Amino acid sequence: MGQIGIEKETLKMMIRENVKTLYRKNLETASAEEIYQAAVFSLRDLITDKWIKTHDTYSEKNAKIVYYLSMEFLMGRFLGNALINMGMNTVIKEVFAELGIDYNTVEEAEPDPGLGNGGLGRLAACFLDSLSTLELPAYGCGIRYHYGIFEQKVENGYQVEAPDNWLEDGDPWGIRRNEYAVEIKFGGHVRAMLKENGGYRFVQEGYQSVMAIPYDYPVVGYGNNTVNTLRLWDARAKNRIDLKYFNEGNYQKAAEEETLAKTLTDVLYPADEHYQGKELRLRQQFFFISATVQRVVARFKENHGDFNLLPEKVAFQLNDTHPSIAVAELMRVLVDENDLPWDQAWEITQKVCAYTNHTIMSEALEKWPLDLFSRLLPRIYQIVEEINRRFCLELTEKYGNNPEKIRRLAIIADGQIRMAYMAIVGSHSVNGVAALHTEILKNQELKDFYKLYPEKFNNKTNGITQRRWLLHANPQLAELITEKIGDGWITDLAQLEKILPYVEDEEFQKRFMEIKRANKVALAKYIKSAKGIDINPDSIFDIQVKRLHEYKRQLLNVLHIIGLYNKLKMNPGLDMVPRTYIFGAKAAAGYRRAKLIIKLINSVGDVVNNDESICGKIKVVFLENYRVSLAERLIPAADVSEQISTAGKEASGTGNMKFMLNGALTVGTMDGANVEIFDEVGEENIFIFGMSAEEVQEKYNGEYDPWSVYNMNQEVRMAMTALIDGTFSNDTCLFRELYDALLNGFGGSKADEYFVLEDYADYQRAQMAVDYAYRDKERWARMAIYNTAKSGKFSSDRTIKEYAKEIWSLPSVPIEF
Ligand code: 26V
């Protein structure tokens, strides 16, 4: 019996029956995909009872609920994780084994839904797992994109994008809830109508509408009865054909609303940290926010008459500025649709909303042009104007007549709406995602707002869920740990400290490193089958996986590989531990330089991997289509975790935490949460290099001439030269842009904006230290185990507890079952 209380035989029967009813097949003839679907249908049945019970309990107890509003949820595959959290992991493996079916093949048959770009979307997914595990009442609210982040292929070394049609074979986890559909209005104009009490009511007229239809996905808590909901909104036309236009023969106009609905939720914007004011994106934002706000208020009204109670029942967490239109939409619903006076509505809105900032890259800041915004959302625009007007009055009261200051802080300025400022003004909490990041927000980026509202600012260092990133991704290590310290760590990661006594234990070291090796062998096998490249499991597996962005400095990593390759060419007998450099990274489709860096990594790989003169001492592998399921394969096999962003630029990073948890050692800058990893493990268990955030700031404001580095450092000079002398491409112009960007500045960017050359020498030193440390097997094992043991702080359970206590005032609600 599994924890959920079902006999194996029953489960077998259900799977068999479902294959039959769904596909008219039996287990022998069904494909892995079909068996996967049948298995999901069987399990969904089991989940649903708890799911219903969870929501009944929330209603009965009139519980406060947090709504995590996010344009992205990078969930990864559901099946394996749901089974683990239901305590059915072992049972299901037995069931499939007894049926003569390879369970792994079934798990792999599930599409990996990529409804997010990277860190921000994956954080949302980890948070949902923690919310359910902590028995906190929560909804994730987002968009049901028909196409997730593009599938990346590599052709001739270049990234090529293909659509990710994750819904193609159906959506067995999603339940469509027609009864909760809501109408969303775009465009038209606003008419002011005199009310009986002398005030005005504002109504939108001549608009286009679409219907928002929710699909609910279960979020199963670990070892409890909580099943929360991820609610993703899809669009459907309200009126398929507008008869008025149809009869006039204007067919395009007649079908406009249908076209609007079709395109609205079609694709996730694949840009990352680069804002473009695209109309469709604003539509998407308003679409899912308006749907959520309308639904939440309607539900509240079913049980309450007094809106002052709303903040006691509802919390909105804004995942970056993308959902910040919630501030204005909640005002609209309260003031226009429920007749609340402005001041009362405003107080309620501020108490309900809280904003998380995820980046200090200025090019990512959302600013909507007024003409676009007012045309698309005429009533919301008026409300934003009023919020801004009152805010500017507040500033004047506080600072006197200071137009310069007001222009700097205003929500509307230079013909644009600054969404971050609206989020700050409309929220009671503003948080950064790592200690350093929050300090930078307070003292630099948002300094004026910090002075104005110091009480709003707080830090919530990111975290990751150990259920997916250790228990599911690295089952052997999970088992070893449980054998030694029990399974308490699964819901209380701080307990990993209990393995500290084993750091010096030879037997434990041996087993820990054997598991690492087994994971490396498995990865080597995968790389052989996927790429045809032979890699040596006894080499150091050195991994950098994350979105491709200049500030993350994949270029520093490759440039150093080139430097090392040059050294090996000159001295093939060079004494070094063989190393396998593994990369995974999607570049935004329009980010030319990022794509060129991918091409460079592949070109370097082609040359290095096929150069017999270096005796296989280095290999370079670019794995295409980096995604959650690939991360689950890679991270458990890593020896070295590359976290090498320019200090001050990476808000937190969460990959860094996943690697640490799995016993990889970090080569990193003092950036984001690396700083806190350093604090946990101490300088002897991490390889820190490079300038600090402060030094970066000083260099940025002062004089920096990358040529002086070039002239002083022969290794740098040779590596740079290799970019343009035909070593990696017959076309010597191909990588010229990278060369120029580093030395001279190119296409509007400063020379070496991210200090790749400046940090090169110290990076090289850190990499030598890695090589040196790895030779001492015992020392390395100690360091690796120490990293795992000290990773407790980085559980998203810890993060979510802090949000619940300090921002949401959200009590847990256990579900009796
Ligand atoms: C911005 C945009 C701009 C418009 C087009 C689409 C798009 C998509 C995403 C973003 C925001 C990217 C911000 C982000 O992902 N930040 C990352 O958040 C992680 C979780 O807090 C954090 O660990 C990373 O350091 C941070 O880069």
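Start at 1 and go down the list; that is how both ligands and their atoms are numbered. Computed from a predicted model, the values in this text were never measured in an experiment.
Ligand 1 lies out of reach of R122, whose nearest heavy atom is not under 4.0 Å from it. Heavy-atom distances between H322 and ligand 1 reach below 4.0 Å in at least one pair. Residue contacts with ligand 1 include G653, since one of its heavy atoms falls under 4.0 Å from the ligand.
Given atom 24 (C) of ligand 1, the protein heavy atom at minimum distance is E650 OE1, 3.4 Å. The single protein non-hydrogen atom nearest to atom 13 (C) of ligand 1 is E273 OE2, 3.8 Å, given as residue, atom name and distance. In terms of protein heavy atoms, atom 21 (O) of ligand 1 is closest to H358 ND1, 2.6 Å. Atom 15 (O) of ligand 1 has as its closest protein heavy atom L120 CB, 3.2 Å.
Checked against a 3.5 angstrom limit, the closest N/O atoms of A271 and ligand 1 fall outside it. Below 3.5 Å of separation, one finds no N or O of K552 facing any N or O of ligand 1. For ligand 1, none of its N or O atoms has an N or O atom of D320 under 3.5 Å away. Residue Y275 has no N or O atom closer than 3.5 Å to an N or O atom of ligand 1. For ligand 1, the polar-atom distance check finds no N/O of N117 at less than 3.5 Å from any of the ligand's N/O atoms. For Y269, no nitrogen or oxygen atom sits less than 3.5 Å from a nitrogen or oxygen atom of ligand 1, counting backbone and side chain alike.
Remark: the backbone N or O of T491 is not paired with any side-chain donor or acceptor of Y222 at under 3.5 angstrom. With hydrogens and angles ignored, the 3.5 Å screen pairs a side-chain donor or acceptor of N674 with a backbone N or O of Q643. Using a distance-only test at 3.5 Å, with no hydrogens or angles considered, no donor-acceptor pair links the side chain of R468 to the main chain of C126. With hydrogens and angles ignored, the 3.5 Å screen pairs a side-chain donor or acceptor of D762 with a backbone N or O of G690.
Atoms of ligand 1 found under 4.0 Å from any heavy atom of Y551, numbered from 1 in the order shown, are 27 (O). Counting the atoms of ligand 1 from 1 in the order shown, those under 4.0 Å from a heavy atom of A651 are 25 (O). Per-residue contacts place E72 under 4.0 angstrom from the following atoms of ligand 1 (heavy atoms of the residue considered): 8 (C), 9 (C). In summary, the atoms of ligand 1 found under 4.0 Å from a heavy atom of V433, numbered by their order in the structure, are 21 (O).
None of S652, S796, S795 except one satisfies the side chain to side chain contact (heavy atoms under 4.5 Å, CB included) rule with M657; the exception is S652.
The aromatic rings of F449 and Y421 are tilted relative to each other, their planes meeting at an angle between 30° and 60°. Aromatic ring orientation, F755 versus Y700: perpendicular (interplanar angle above 60°, classes split at 30° and 60°). Taking the six-membered ring where tryptophan is involved, the planes of Y68 and F127 are perpendicular, since the angle between them exceeds 60° and thus also 30°.
Contacts between R281 and ligand 1 below 4.0 angstrom, taking non-hydrogen atoms only, involve the side chain exclusively. Contact annotation: for T356 versus ligand 1, there are no heavy atoms closer than 4.0 Å.
L268 is listed as a side-chain neighbour of E72, based on a closest heavy-atom distance under 4.5 Å.
Salt bridge status for K546 with E642: absent, with no side-chain N to carboxylate O gap under 4.0 Å.
Looking at every heavy atom in both residues, L115 comes nearest to G148 through CD2-CA, 4.0 Å.
A cation-pi arrangement is found for K586 relative to F150, the charged atom lying closer than 6.0 Å to the ring centre and inside a 45° cone about the ring normal.
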